[in-house]
Amino acid sequence: MEEMPGADDNGALPDGGDPETSHVDGLDVTECTRCEALVESRSRIVNGTGPDDAALVFVGEAPGAREDEQGEPFVGRSGGVLDDALRDAGLSRADVRITNCVRCRPPENRDPHVEELANCRGYLELELDRLDPDLIVTLGKVPAEHLLERDVGVTAAAGDTHEIEIRGEPRLVMVSVHPAATLYDRSQEETFARTIRAAAEYVDDGGQQQLGDF
């Protein structure tokens, strides 16, 4: 475990130390008490799953009840939709990394608050930095707006790519609707499937393919 000296119970370090590397083991956060409401709501910290050298990373917003119970992102109905789309694109969960902006379940499955997203941002950035993926796909409005730091209409923007900077390095982000959207609005099914196919094709080409409108 990469343990930084002098960390307090919240993972904060004095004298300009990097708070994001305290209580972190590889890509996993092992301890955090920054968000009181989430600490009370969670049964565990839900870290990302998938290979530590994944070229394709999916980022959701936060764990739900099923994810909190099983300790893995996207294992409910939304996870089934994502699994099907990955399979149709020639991939499986074993090929990709799946993580969340916030690693602890919010009370009553509400959206994470701005301060909760901010508290967990460093952990997400550290994970993405260490993964060094070819492409990051945001699943839904919350992660898209969190990483792009602006308002995003995800249905209209699905499949669009944007370059951002994370820990001093350029990263390519593709916007996607949330897989749950396809459960409530069948018109989103093809939009979601096309986005996942485009992401799979991009990483299969080693990041050399030009991404454009579909």
Side-chain angles (χ1 to χ4, degrees), residues 46 48-51 54-64 66-67 72-103 109 111-112 117 120-121 124-125 127-128 131-166 170-207 209-214:
V46 180
T49 58
L56 179 57
V57 179
F58 293 92
V59 179
E61 61 183 68
R66 187 77 60 84
E67 289 78 14
E72 183 175 341
F74 284 91
V75 293
R77 294 176 66 198
S78 295
V81 173
L82 178 58
D83 288 344
D84 289 345
L86 287 171
R87 184 186 64 248
D88 291 345
L91 297 172
S92 72
R93 278 187 179 244
D95 301 313
V96 304
R97 182 84 178 175
I98 305 173
T99 192
N100 280 306
C101 296
V102 170
R103 295 170 189 252
N109 290 343
D111 288 346
L117 289 164
C120 219
R121 174 80 179 221
L124 177 62
E125 290 190 350
E127 180 179 17
L128 295 174
L131 285 166
D132 191 24
D134 291 336
L135 183 64
I136 300 163
V137 178
T138 56
L139 298 173
K141 184 178 183 66
V142 171
E145 294 188 341
H146 184 52
L147 285 181
L148 298 180
E149 298 182 329
R150 60 176 177 81
D151 291 339
V152 179
V154 292
T155 299
D160 291 352
T161 54
H162 307 268
E163 188 172 286
I164 64 172
E165 187 174 291
I166 295 177
R171 300 291 175 198
L172 191 64
V173 173
M174 176 181 284
V175 176
S176 172
V177 299
H178 195 284
T182 69
L183 299 172
Y184 309 112
D185 182 356
R186 290 300 182 90
S187 69
Q188 300 280 10
E189 289 181 351
E190 182 56 29
T191 300
F192 182 67
R194 284 202 309 264
T195 304
I196 302 305
R197 285 197 302 268
E201 290 169 2
Y202 180 78
V203 297
D204 184 59
D205 197 39
Q209 177 183 325
Q210 292 296 313
L211 288 166
D213 296 335
F214 46 24

Checklist entry - Is there side-chain contact between Leu82 and Ile98, with at least one heavy-atom pair below 4.5 Å? => result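 A side-chain contact under 4.5 Å exists here.
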
Checklist entry - Does Cys120 offer a backbone N or O that forms a donor-acceptor pair with the side chain of Arg103 under 3.5 Å? => result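 Judged by distance alone, no pair lies under 3.5 Å.
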
Next on the checklist: Looking at every heavy atom in both Ala54 and Asp95, which two are closest together, and how far apart are they?
Outcome noted: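 Between these two residues, the closest heavy atoms are CB-O, 4.3 Å.
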
Checklist entry - So, for Val102 and Pro63, which heavy atoms are closest and what is the spacing to 0.1 Å? => result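 The answer is O-CD, 3.1 Å.
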
Checklist entry - When you look at Arg197 and Asp88, which way does the side-chain contact (heavy atoms from CB on, under 4.5 Å) test go after all the steps? => result CA-CA 8 Å; Arg197 285 197 302 268; Asp88 291 345; 5.9 Å; no

Checklist entry - Hey, is CZ on Arg150 packed in by over 12 heavy atoms from elsewhere, all under 6.0 Å? => result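 Atom CZ in Arg150 is crowded, with more than 12 foreign heavy atoms closer than 6.0 Å.
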
Item to check | Distance in Å, Leu131 CG paired with Ile166 CD1, rounded so as to fall on 0.5 Å steps | outcome: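 Nearest 0.5 Å value for the CG-CD1 distance: 10.5 Å.
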
Checklist entry - Between OG1 of Thr155 and NZ of Lys141, what distance do you get to the nearest 0.5 Å? => result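 Reported value, rounded in 0.5 Å steps: 9.0 Å.
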
Item to check | Short N-O contact, Glu201 and Arg194, less than 4.0 angstrom | outcome: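 No, Glu201 and Arg194 are not salt-bridged.
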
Item to check | Audit row: Leu172, Asp134, side-chain contact (heavy atoms from CB on, under 4.5 Å) steps and yes/no | outcome: CA-CA 7 Å; Leu172 191 64; Asp134 291 336; over 6 Å; no

Next on the checklist: Run the side-chain contact (heavy atoms from CB on, under 4.5 Å) test on Val137 and Tyr202 for me, step by step, so that the C-alpha distance in whole Å, both residues' side-chain angles and the decisive distance to 0.1 Å come before the verdict.
Outcome noted: CA-CA 11 Å; Val137 178; Tyr202 180 78; over 6 Å; no

Checklist entry - Between Val175 and Leu148, does a side-chain contact (heavy atoms from CB on, under 4.5 Å) hold up when you go through it step by step? => result CA-CA 10 Å; Val175 176; Leu148 298 180; 4.0 Å; yes

